[in-house]
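Okay, so here's the structure we're looking at.
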Amino acid sequence: MRLSLISLIIINALLISCNGKEQSNTQKEGLTFFQNKGHEIVYHMVQKVGNYSVLSKNKDVVYTYTYQTPDGKTDVSTEKYLFDGELSYGAYQQHERTLPDLEGLIEQGYDGSEYWLKHKGEIINDPTALKRVTFNRPTNFYWFTMFQKLLDPGLNYEYIGEKTIDNAVYDIVKISFDSTDGKPTDIYQVYINRGTQMVDQFLFTVVDAGVVDTPLLMQLEYEEIGGLLIPTKRVYKASNWDAEVTDAPWIKVNWSNIKFNNGLSLADFKK
């Protein structure tokens, strides 16, 4: 099965449903027990790419975010995050997908308590436009810190088994979130390369968008920056629970010009 391009765009906006939360003291202090084998494998993966302690030492990040759909529509923004408090800012120089009806520079922000939007320096209070901001800001932050967040409290781990792909052996772990209202939650199924201890690809659902039976497959390429192994190049599209790759075109996401410890403060995220 394949998802339409429109569905994939909506899914990107709804990725916030993946339960982005602040990292806990458990991560800071180190785990003393594991739920099961799957949990332990994920823990060692996070230590390999860079755990919460490594991330927090970097304090903040500024980078260029580029997102392109198969029809060529592209967003390019300068992203800024302050890890303490999960503050987020994005200045969109190009926004053919995000609020395309607004011409020129748009700025989005989250200062720890309020989401805000500016167009050419003027405050925008339109509820529909602000709703998009409430999706984009935590979503972009979540993806940048995803691996560290895979050790957050409230997650469940299940070891699915091993699989060989292109001569590489992978441990497959299913990760789900505790439900607070009895409703289904999103699922990740990560493929951890046994040789490198890194996630080369993963499947994920987005329950809020109705993407449950047909997951999305994301594949990753890494760079080492600031003591972290960061998946700076990523592509994704519809797949199935066997992670089969179809001929459908990929959605492409690139992070470039990544710089940590820029001295950002709360003032940088206020409207």
Quick one: side chain to side chain donor-acceptor pair (under 3.5 Å) partners of Asn254, sequence neighbours excluded? none
For residues Met146 and Tyr188, determine if any side-chain heavy atom of one lies less than 4.5 Å from a side-chain heavy atom of the other. yes
Run the side chain to side chain donor-acceptor pair (under 3.5 Å) test against Gln94 and tell me which residues pass, sequence neighbours left out. Glu96
Can you tell me how the ring of Phe83 sits relative to the ring of Phe144, calling it parallel under 30°, perpendicular over 60° and tilted otherwise? parallel
Any pair with a residue in residues 89-111 that passes ring pair (Phe, Tyr, Trp, His ring centres under 6.0 Å), sequence neighbours left out, goes on the list, sorted by first then second residue, please. Tyr110-Tyr115
Applied to residues 54-67, the salt bridge (charged side-chain N to carboxylate O under 4.0 Å, His left out) test, sequence neighbours excluded, yields none
More than 12 heavy atoms of other residues, nucleotides or ligands under 6.0 Å from NZ of Lys131: yes or no? no
The complete set of salt bridge (charged side-chain N to carboxylate O under 4.0 Å, His left out) pairs with one or both residues in residues 252-268, sequence neighbours excluded, reads none
Between Phe204 and Trp143, does a ring pair (Phe, Tyr, Trp, His ring centres under 6.0 Å) hold up when you go through it step by step? CA-CA 12 Å; Phe204 63 101; Trp143 283 121; 5.6 Å; yes
Report the residues that fulfil salt bridge (charged side-chain N to carboxylate O under 4.0 Å, His left out) with Asp171, sequence neighbours left out, ordered by chain and then residue number. Arg194
What residues, two or more places apart in sequence or in another chain, satisfy side chain to side chain donor-acceptor pair (under 3.5 Å) together with Glu224? none
For Glu114, what residues pass the salt bridge (charged side-chain N to carboxylate O under 4.0 Å, His left out) criterion, not counting sequence neighbours? Lys271
For residues 119-126, which side-chain donor-acceptor pairs fall under 3.5 Å, sequence neighbours excluded?
from: His119; atom 1: NE2; to: Glu103; atom 2: O; distance (Å): 2.5
from: Asp126; atom 1: OD2; to: Thr128; atom 2: N; distance (Å): 3.3
from: Asp126; atom 1: OD2; to: Ala129; atom 2: N; distance (Å): 2.9

Check salt bridge (charged side-chain N to carboxylate O under 4.0 Å, His left out) between Asp111 and all other residues, then give those that pass, not counting sequence neighbours. Lys270
Results of side chain to side chain donor-acceptor pair (under 3.5 Å) for Thr196 - residues two or more places apart only: none
Within 6.0 Å of CG in Asp101, more than 12 heavy atoms from elsewhere: yes
Sole candidate of Asn193, Ile192, Val199, Leu229 that passes side-chain contact (heavy atoms from CB on, under 4.5 Å) when paired with Lys48: Leu229
Among Val235, Asn240, Val245, side-chain contact (heavy atoms from CB on, under 4.5 Å) partner for Leu217: Val245
Under the salt bridge (charged side-chain N to carboxylate O under 4.0 Å, His left out) test, residues paired with Glu107 that sit two or more places apart: none
